[in-house]
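A quick write-up on the structure given underneath.
Any value given below was found using the heavy atoms of this structure, including those in side chains, with hydrogens, waters and symmetry copies removed. Positions are given from 1 along the sequence.
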Amino acid sequence: MATVPTIALNNGVEIPQLGFGVFQIPPEDTVEATLTALEVGYRHIDTAQMYGNEAEVGEAIRQSGIPREEVFVTSKLNNGFHAREDALRAFDGTLDALKFDHLDLFLVHWPLPGIDVDYVETWKAMEEIYRSGRVEAIGVSNFQPHHLRRLFSDTEVTPVVNQIEVHPYLSQDEVRAFNADHEIVTEAWAPIAKGKVAGDATINRIAEKHGRTAAQVTLRWHVQRGDVVFPKSVTRSRVEENFDVFDFALDGTDMGDISGLDRGERTGPDPDTFNYIPG
């Protein structure tokens, strides 16, 4: 079984660079999918309140028999709970759903710039949660540099991570550089562009050169760039394939060719306009 590298966050916590994402996995399938990932070797699970499967992630970890302290678990604040009191209660709900006494990482899922609650208020609630000692680290997701600058000017704790959409067609070099300049680790969601890389001629050429799949080569590109990455699949063979990215390396030409595919193409919402609140 491969040893997954870890990255030190700005508060000293170590985060595994490869995680298993459970976005869009139905609750009834989440226990089995998470157990499969844990059996394959993943020790980092990424869930969220809006995914509706936190309880099943917690159950899978208990069923696995792996000690809780050996599995890094992230969840994210529901968009409907940005006000201070709502955020504090929501975090309690996450711990209750997971049946944990602490969480490894908790994120603000979206900045939601158009709603009537300022995300600075939300981040101050996150700081309270962090100071309570029930979460090892706090961060953000889908924040742009201008969102982060407001946090820097109006709050005290710097986010440890910024989880954003990153893949070869949206390389996010500006946001990643801003994150790095402020000791914020970039986490990549939709890392294989929701499967689009499978049909890419450049990526397939590089994959053939290394005797790998397009997904493996793309995940390796992320790893070598220093991103934390979350491939998602409910098929065991794909879960194993996505984990098997640590025994080969891309050369500079490979890396440059993949980075050259950037065309600013999102597969998900724009953080500057997205204001969805679950009903």
Side-chain angles (χ1 to χ4, degrees), residues 1-77 90-107 109 126 129-130 132-139 141 159-161 163 185-189 191 219 222-223 227-236 238-246:
M1 184 182 297
T3 299
V4 176
T6 61
I7 295 174
L9 302 176
N10 63 33
N11 68 346
V13 169
E14 296 280 335
I15 187 170
Q17 194 176 7
L18 179 69
F20 181 71
V22 297
F23 176 56
Q24 292 185 331
I25 299 180
E28 61 270 22
D29 298 330
T30 300
V31 172
E32 182 179 356
T34 305
L35 274 170
T36 296
L38 293 169
E39 289 168 3
V40 167
Y42 292 83
R43 293 295 182 269
H44 181 181
I45 310 297
D46 182 86
T47 184
Q49 293 174 354
M50 286 195 293
Y51 300 173
N53 54 19
E54 290 175 312
E56 290 75 18
V57 166
E59 179 59 27
I61 292 169
R62 283 185 292 278
Q63 287 188 24
S64 75
I66 298 168
R68 167 68 187 93
E69 62 272 16
E70 293 182 15
V71 184
F72 191 103
V73 180
T74 299
S75 193
K76 310 176 194 74
L77 180 69
F91 179 75
D92 291 341
T94 280
L95 290 186
D96 289 345
L98 289 162
K99 297 183 180 176
F100 290 172
D101 59 8
H102 78 283
L103 188 64
D104 298 284
L105 178 60
F106 195 48
L107 309 182
H109 206 154
M126 298 286 284
I129 294 166
Y130 180 54
S132 77
R134 295 177 299 153
V135 64
E136 300 298 321
I138 54 174
S141 183
V160 298
V161 304
Q163 185 177 132
V185 170
T186 297
E187 297 188 328
W189 64 261
L219 293 172
H222 283 284
V223 166
D227 299 338
V228 174
V229 64
F230 306 103
K232 187 212 79 174
S233 178
V234 295
T235 305
R236 186 182 184 99
R238 289 287 179 84
V239 173
E240 292 173 344
E241 173 187 315
N242 293 339
F243 191 76
D244 186 20
V245 295
F246 297 105

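- A donor atom on one side chain and an acceptor atom on the other are not found under 3.5 Å apart for Thr47 and Glu54.
- In this structure, CD in Glu59 is found 10.5 Å from OG1 in Thr34, a value given to the nearest 0.5 Å.
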Stepwise side chain to side chain contact (heavy atoms under 4.5 Å, CB included) check, Phe20 with Asn242: CA-CA 9 Å; Phe20 181 71; Asn242 293 339; over 6 Å; no
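- In this structure, Val31 and Arg62 have side chains that are not in contact, with every pair of non-hydrogen atoms separated by 4.5 Å or more.
- In this structure, the side chains of Ile66 and Arg43 come closer than 4.5 Å at one or more pairs of heavy atoms.
- By the 4.5 Å heavy-atom criterion applied to side chains, Phe230 and His44 are counted as neighbours.
- Side-chain atoms of Thr6 and Glu14 include a donor-acceptor pair closer than 3.5 Å.
- Contact between Asn53 and Ala48 at its shortest, heavy atoms only, is OD1-O, 4.5 Å.
- Here the closest non-hydrogen pair linking Ala60 and Leu35 is O-CD2, 3.4 Å.
- Nearest heavy-atom pair across Val160 and Ala137 is CG2-CB, 3.8 Å.
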Give the C-alpha distance, both sets of side-chain angles, the deciding distance and a yes or no for side chain to side chain contact (heavy atoms under 4.5 Å, CB included) between Val73 and Leu103. CA-CA 6 Å; Val73 180; Leu103 188 64; 3.9 Å; yes
Go through Thr186 and His222 one step at a time and tell me if the side chain to side chain contact (heavy atoms under 4.5 Å, CB included) criterion holds. CA-CA 10 Å; Thr186 297; His222 283 284; over 6 Å; no
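- Between Arg236 and Val40, some side-chain heavy-atom pair lies under the 4.5 Å cut-off.
- A 4.5 Å side-chain heavy-atom check between Val161 and Leu107 finds at least one atom pair inside the cut-off.
- For the pair Val223 and Leu18, the minimum side-chain heavy-atom distance is 4.5 Å or more.
- Ion pairing of Asp92 with Arg134 is present here, as a side-chain N (NZ or NE/NH1/NH2) and a carboxylate O approach within less than 4.0 Å.
- Here the straight-line distance linking atom CG of Leu77 with atom CD1 of Ile129 works out to 7.0 Å at 0.5 Å rounding.
- Side-chain contact between Glu187 and Leu105 is present, with heavy atoms from C-beta onward closer than 4.5 Å.
- Side chains of Ser75 and Gln49: a donor-acceptor N/O pair is absent below 3.5 angstrom, by distance only.
- In this structure a side-chain-to-backbone donor-acceptor pair under 3.5 Å is missing from Asp227 to Val229.
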Show the numbers, then the answer: is there a side chain to side chain contact (heavy atoms under 4.5 Å, CB included) between Phe106 and Phe91? CA-CA 8 Å; Phe106 195 48; Phe91 179 75; 3.5 Å; yes
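- Shortest non-hydrogen contact noted between Ala33 and Val234 is CB-CG1, 4.2 Å.
- Side-chain contact between Val239 and Tyr42 is present, with at least one heavy-atom pair separated by less than 4.5 Å.
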